[in-house]
Amino acid sequence: MPTAIVSLLLAFISLSVPIAVAIVIASAVGLYFFSNLPLIIIPQRMFIGLDSFPLMAVPLFILAGNIMGQGGVSKRLVTFAKSLVGNLQGGLAISCVITSMIFAAVSGSSVATAYAVGAILLPAMIAHGYPKPMATAIQASSANLGIVIPPSVPLIMYGVSTNTSIGKLFLAAIGPGLFMGGALITMVLVWCVVTGHGKNDANDQQNLLTSSKDALLALLMPTMILGGIYGGVFTPTEASAIAVIYGLILGVFVYKEITLKDIPKILKGSVVSTSSVMLIIAAASLLSFLVSRSDLPQLLSTFATDNFSTKLQFFLAVNLLLLVVGMFVETSASILLLAPILAPIAIIYGIDPVHFGVVMVVNLAIGMFTPPLGVTLFAASQVAEIQVEKVILATLVPLGTLLCCLVLITIFPSITLFWVNS
């Protein structure tokens, strides 16, 4: 049965069938022709896959991200970041990275970050003389921090699918997220000095004190949410609800950039995004159930132990697999399909499941940016109004930077586990 399901799944994906539809059809065919289980298993397992309290955080964080983008939070974060580093050569590009990091710390979404931050900063960078392909590449690579820096929807998916503490995963992802952000800032600085771009970035810089006051309430949002989670005040799911309420208060009553007429549009967009994610989760739950009843996990475990003698060799193989998968398959689906299979094998090699989960998400984040099919690359290109093919060459420098970060995060678990073990 697993062979038939996997073969059908790969065939459907190659034909560009939506991943959730491909999973359900492949699973149904496998059930009907290669097992004695009744077809009623399909809706049962799909419902069970969604019947999880931690998963309630997913639609709420998506909604919070949309509210932030519409409610003026992202605009004030951009202004604050520009006033912080705008006096440096390349300060505008650096502010793109910093704003993406802050925005990611609440929205938990790379695509939302690409649209919300890119809509403001990409036109500004292009107007200041940055080449459009490189400006797009910087924005797309920065947006990927959205699924690494907590609260991260993919980390929630990994925690749910492997029974790993979501709080520990969030805590562990802080180090890699800051490390990757710092690496991108260094890359931008060096690139600007070498190429001579970004010398006039301070022209429209605002006063730091003024922008800090204006952005104070927006900056309090990630502090309040993450502080509440790590302080044990509320769970990640409760934090997502607080993010929605706080974002609405800022957008409607404080910044007054959301009217009552805007709310249905925001809700509709969030429902559409949530529906696609939840359908993938339900379908992946069905497939995981069928795979768990087969001997595929045991076969893969035996294959790994027979062919990879060390932890580093196993990690190298997994990294290559996830980078390729991340280019073609939606992040949530990748985690829900692969994490239940790969995480137990990683434990055999003595790899901490929290460390493995963060490395897995970092891989998929880089895959989302990798040409030719990276989803954040398409999102940033759409905002910049440039064809993806014209951006590919410019992605090589930030892509190389992120790959170096991945190698170090993989080899040195302390980057991930420092905050967890301290």
Side-chain angles (χ1 to χ4, degrees), residues 45-69 71 73 102-113 146-174 177 220-251 263 266-267 269-285 288 330-333 335-336 339-340 343 353-354 357-358 360-361 364 419-420:
R45 298 311 307 185
M46 292 179 72
F47 176 80
I48 291 172
L50 296 177
D51 188 19
S52 170
F53 178 72
L55 281 181
M56 289 177 63
V58 175
L60 290 173
F61 274 127
I62 291 174
L63 177 58
N66 289 338
I67 290 171
M68 286 173 58
V73 173
I102 300 173
F103 193 88
V106 179
S107 69
S109 168
S110 292
V111 176
T113 303
I147 68 168
V148 178
I149 296 177
S152 161
V153 171
L155 285 175
I156 295 173
M157 303 293 188
Y158 178 87
V160 171
S161 61
T162 61
N163 293 318
T164 305
S165 169
I166 295 174
K168 287 184 177 180
L169 287 168
F170 280 4
L171 202 59
I174 293 177
L220 283 176
M221 182 181 266
T223 305
M224 177 180 63
I225 291 172
L226 297 179
I229 293 173
Y230 303 142
V233 179
F234 39 71
T235 66
T237 304
E238 293 164 344
S240 64
I242 292 173
V244 170
I245 295 171
Y246 189 76
L248 273 176
I249 292 173
L250 290 185
I263 292 178
I266 294 173
L267 291 174
S270 302
V271 167
V272 171
S273 300
T274 300
S275 298
S276 61
V277 172
M278 288 301 185
L279 184 57
I280 292 171
I281 294 172
S285 174
S288 297
E330 200 272 337
T331 304
S332 298
I335 291 174
L336 292 166
V354 173
V358 173
M360 189 172 189
V361 170
L364 295 172
W419 295 104
V420 178

Pairwise distance [atom1]([X]) to [atom2]([Y]) - rounded to 0.5 angstrom:
| X | Y | atom1 | atom2 | result |
| --- | --- | --- | --- | --- |
| Ile263 | Asn66 | CD1 | CG | 13.0 Å |
| Tyr158 | Asn163 | OH | CG | 10.5 Å |
| Thr162 | Leu336 | OG1 | CG | 10.0 Å |
| Ile335 | Leu155 | CD1 | CG | 7.0 Å |
| Leu248 | Met68 | CG | CE | 12.5 Å |
| Ile245 | Ile249 | CD1 | CD1 | 7.0 Å |

Nearest heavy atoms of [X] and [Y], plus distance in Å:
| X | Y | result |
| --- | --- | --- |
| Gly159 | Ile166 | CA-CG1, 4.2 Å |
| Ala172 | Val354 | CB-CG1, 3.4 Å |
| Ile147 | Ser152 | O-OG, 2.7 Å |
| Ile67 | Ile266 | CG1-CG2, 3.9 Å |
| Leu279 | Met46 | CD1-CE, 4.3 Å |
| Trp419 | Ile174 | NE1-CG2, 4.2 Å |

So does Arg45 get a backbone contact from the side chain of Ser285, meaning a donor-acceptor N/O pair under 3.5 Å? yes
Is a side-chain N or O of Ser240 found less than 3.5 angstrom from the main chain of Thr237, in a donor-acceptor match? yes
Using a 6.0 Å cut-off, check whether atom CE of Met56 has over 12 heavy atoms from anything other than its own residue. no
Taking everything shown except Phe47 itself, do over 12 heavy atoms lie less than 6.0 Å from its CZ? no
